[in-house]
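Here is the structure we will look at, set down as structure tokens.
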Amino acid sequence: MNGCRDIIVVGAGQAGFQAAASLREAGFDGLLTIVGDEPVAPYQRPPLSKAYLAGKATAGTLALRPASFYADHRITLRLGERAALIDRPIQQLELKSGERLGYDHLILATGARNRSLPVPGADLAGVLQLRTLADAEDVQRYLAGVESVVVVGAGFIGLEFASVAAARGIAVTVVEFADRVMSRAVSRPTSAFFRDAHEAAGIRFAFGVGVGRITGADGHVTAVETTDGRAFAADLVLVGIGVVPNVELAAEAGLTVADGILVDQALLTSDPSISAIGDCATFPNSFAGNAPTRIESVQNAVDQARCVAARLAGRAASYAALPWFWSDQGGWKLQIAGLANPHDLTVTRGDPAQGAFSIFCYRHDRLVGVESVNRPADHMIARRLIAERLPLVPDQAADLALDLRALIRTAAAA
């Protein structure tokens with residue numbers, strides 16, 4: 001396999017796991033090691049803010065594979081280990097313990113970490129974040145005895161958590177610096193629907209303000225003070241204001257980094273013996289005019305891992321997978337196909353008042369993204385429309401009498 005006999009994957013998240021699994025599927029027969037800094041085997045992160053906190057999933061059901069999978073596929077897990085240094089001239093990875101591991105190819109799947117909230121009181125007990133299983137366990141313990149929660153940030157994680165907390169009868173306030181929910185991820189119509197839906201469920205919002213400080217008593221949080229002078233009672237504060245890619249290991253090794261580890265269309269870094277994938281990688285995105293793009297999603301992690309495994313197996317191809325995303329918030333499933341921002345026109349298919357609709361987003365008369373709420377068939381059709389760049393004018397998108405599947409079949413046959 002291109003001369004590789006020893007491959008190391010740094011990162012035991014979705015991308016790192018998939019890279020190792022796909023390498024075995026592709027026929028790689030050499031030594032294969034995953035180095036992960038968490039003490040547990042690779043698991044699913046998306047359910048942490050939803051099913052896990054709602055009591056519908058356990059640590060066991062989150063596991064990506066049973067323990068036997070790694071033994072059966074001869075994948076060595078080095079868990080609870082932190083990569084400290086990449087010695088590129090002699091192709092060795094040094095762990096924090098001082099142990100050195102040699103590699104023929106290194107795959108960086110180092111992921112991202114939560115952005116911290118730099119305000120007084122952010123270190124009080126009860127001010128939490130949610131990214132890892134350990135974080136979710138902490139949040140779960142706190143939720144058992146709280147009456148009021150403040151969520152800082154109205155992104156996917158913040159709103160998913162807010163829905164779970166509100167369903168448990170907890171008073172929830174969401175503080176958001178922007179003027180609407182999910183402002184970087186969705187169009188205004190979709191944003192307005194989710195704000196109305198969450199407010200109907202009892203969630204209160206404070207828009208256009210930041211957090212000035214967090215106050216407490218006896219070392220535990222009691223309230224969040226916003227920059228406009230208001231104070232919201234809180235037994236628990238969940239901070240969800242985005243993530244920072246983990247690029248330090250790559251940067252210290254002299255690899256090119258920006259908002260992520262820069263890779264080419266084959267997901268290679270500036271060192272041909274090192275690839276980078278997943279949340280930590282910035283790549284030329286064909287759905288964004290080949291602009292450097294970093295995407296935080298399971299789809300991107302999985303598809304990039306498969307792309308690298310195929311290249312190492314001798315089947316090189318440019319990474320060109322369509323981005324898609326999802327978020328479960330209360331009784332609403334949001335599915336997004338493509339990269340809709342920026343867009344200059346939106347068209348609604350279906351009826352938001354009925355809680356099931358899709359927003360088709362256009363940029364310069366070209367369909368670039370579709371946001372579907374409780375319309376999974378629209379989402380699957382949209383993925384094909386955008387991926388294959390099939391024509392769909394706005395009037396067609398809005399016409400419920402038009403069978404979009406038939407339109408795809410006709411376009412494919414032409």
Side-chain angles (χ1 to χ4, degrees), residues 46 49-50 54 151 153-167 172-176 178-208 240 297 322-363 365-386 390 392-408:
S49 55
K50 302 181 279 288
V151 179
F156 286 175
I157 299 297
L159 294 180
E160 290 166 0
F161 169 76
S163 295
V164 171
V172 180
T173 301
V174 179
V175 176
E176 170 55 51
D179 63 350
R180 58 190 180 93
V181 304
M182 300 182 286
S183 61
R184 293 187 300 165
V186 302
S187 65
R188 286 190 175 275
T190 299
S191 183
F193 172 85
F194 274 94
R195 174 181 178 173
D196 290 346
H198 286 304
E199 286 182 334
I203 297 171
R204 175 173 53 173
F205 289 94
F207 290 107
S297 77
L322 174 73
W324 53 269
F325 316 83
W326 79 90
S327 176
D328 294 327
Q329 301 175 27
W332 307 283
K333 187 175 188 65
L334 170 64
Q335 295 171 287
I336 303 171
L339 297 173
N341 289 326
H343 57 265
D344 48 45
L345 175 67
T346 62
V347 175
T348 303
R349 184 178 181 87
D351 186 1
Q354 300 299 317
F357 65 97
S358 293
I359 302 295
F360 286 66
C361 301
Y362 288 82
R363 182 189 312 135
D365 299 321
R366 183 169 67 86
L367 181 65
V368 292
V370 177
E371 303 157 1
S372 299
V373 177
N374 292 351
R375 285 181 69 99
D378 281 3
H379 174 69
M380 297 307 296
I381 292 168
R383 280 164 57 175
R384 187 165 177 190
L385 284 169
I386 300 170
L390 299 176
L392 181 75
V393 300
D395 286 347
Q396 290 174 315
D399 184 1
L400 286 174
L402 177 66
D403 185 345
L404 295 182
R405 288 191 183 91
L407 185 115
I408 290 175

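Note that the coordinates shown come from a computational prediction; the quantities given were computed from them, not determined experimentally.
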*Measuring from His198:NE2 to Gln329:CD, what's the distance to the nearest 0.5 Å?*
4.0 Å
*Give, for atom NZ of Lys50 and atom OG of Ser163, the distance between the pair rounded to the nearest 0.5 Å.*
10.5 Å
*asked:* Could you check whether Arg188 pairs with Asp179 (Lys NZ or Arg NE/NH1/NH2 to Asp/Glu carboxylate O, under 4.0 Å)?
replied: yes
*Taking Arg405 for the side chain and Ile381 for the main chain, is one N or O donor matched with an acceptor at less than 3.5 Å?*
no
*Gap between atom CZ of Phe193 and atom CE of Met182 - 0.5 Å precision*: 9.5 Å
*When you measure from the side chain of Arg349 to the backbone N and O of Ala397, does any donor-acceptor pair fall under 3.5 Å?*
yes
*Pairwise distance CG(Leu334) to OG(Ser358) - rounded to 0.5 angstrom*: 10.0 Å
_Heavy-atom check, side chain of Val186 versus side chain of Phe194, under 4.5 Å_ = no
*Which heavy-atom pair separates Glu160 from Ser327 by the least distance, and what is that distance?*
OE2-OG, 2.6 Å
_Side chain proximity check, Glu199 to Asp196, heavy atoms < 4.5 angstrom_ = yes
*asked:* Is it the case that the side chain of Asn341 and the backbone of Arg184 share a donor-acceptor pair, with hydrogens and angles ignored and the cut-off at 3.5 Å?
replied: yes
_Sidechain-backbone polar pair: Ser191 side chain, Val181 backbone, donor-acceptor under 3.5 Å_ = yes
*Does Phe325 have its ring centroid less than 6.0 Å away from the ring centroid of Phe156?*
no
*Provide the closest heavy-atom pair for Ala166 versus Ile203 in the form atom of the first, atom of the second, distance.*
CB-CG1, 3.8 Å
*Has the side chain of Glu371 got a donor or acceptor atom that lies under 3.5 Å from a matching backbone atom of Ser187?*
yes
*Using atom types as modelled and distance alone, determine if a side-chain donor or acceptor of Gln354 lies under 3.5 Å from a backbone N or O of Ala356.*
no
_Atom pair CZ (Phe357) and CD1 (Ile359), whose distance is rounded to the nearest 0.5 Å_ = 5.0 Å
*Among side-chain atoms of Ser372 and Asp378, is any donor-acceptor pair under 3.5 angstrom?*
no
*Supply the atom-to-atom distance His343 NE2 to Leu345 CG, rounded to the nearest 0.5 angstrom.*
8.5 Å
_To check you understand the geometry: which heavy-atom pair defines the closest contact between Leu159 and Phe205, and what is its length?_
CD2-CE2, 3.9 Å
*asked:* With heavy-atom distances below 4.5 Å as the criterion, would you say the side chains of Lys333 and Trp326 are in contact?
replied: yes
*What are the two closest heavy atoms between Leu367 and Cys361, and how far apart are they?*
CD1-O, 3.5 Å
*Over all heavy atoms of both residues, which pair between Gly350 and Arg375 is shortest? Give the atoms and the distance, please.*
CA-NH1, 4.2 Å
*Determine the minimum heavy-atom distance between Leu392 and Leu385, stating which atoms define it.*
CD2-CD1, 3.9 Å
*Quick check: are there more than 12 heavy atoms from other residues, nucleotides or ligands sitting under 6.0 Å from CG of Asp365?*
no
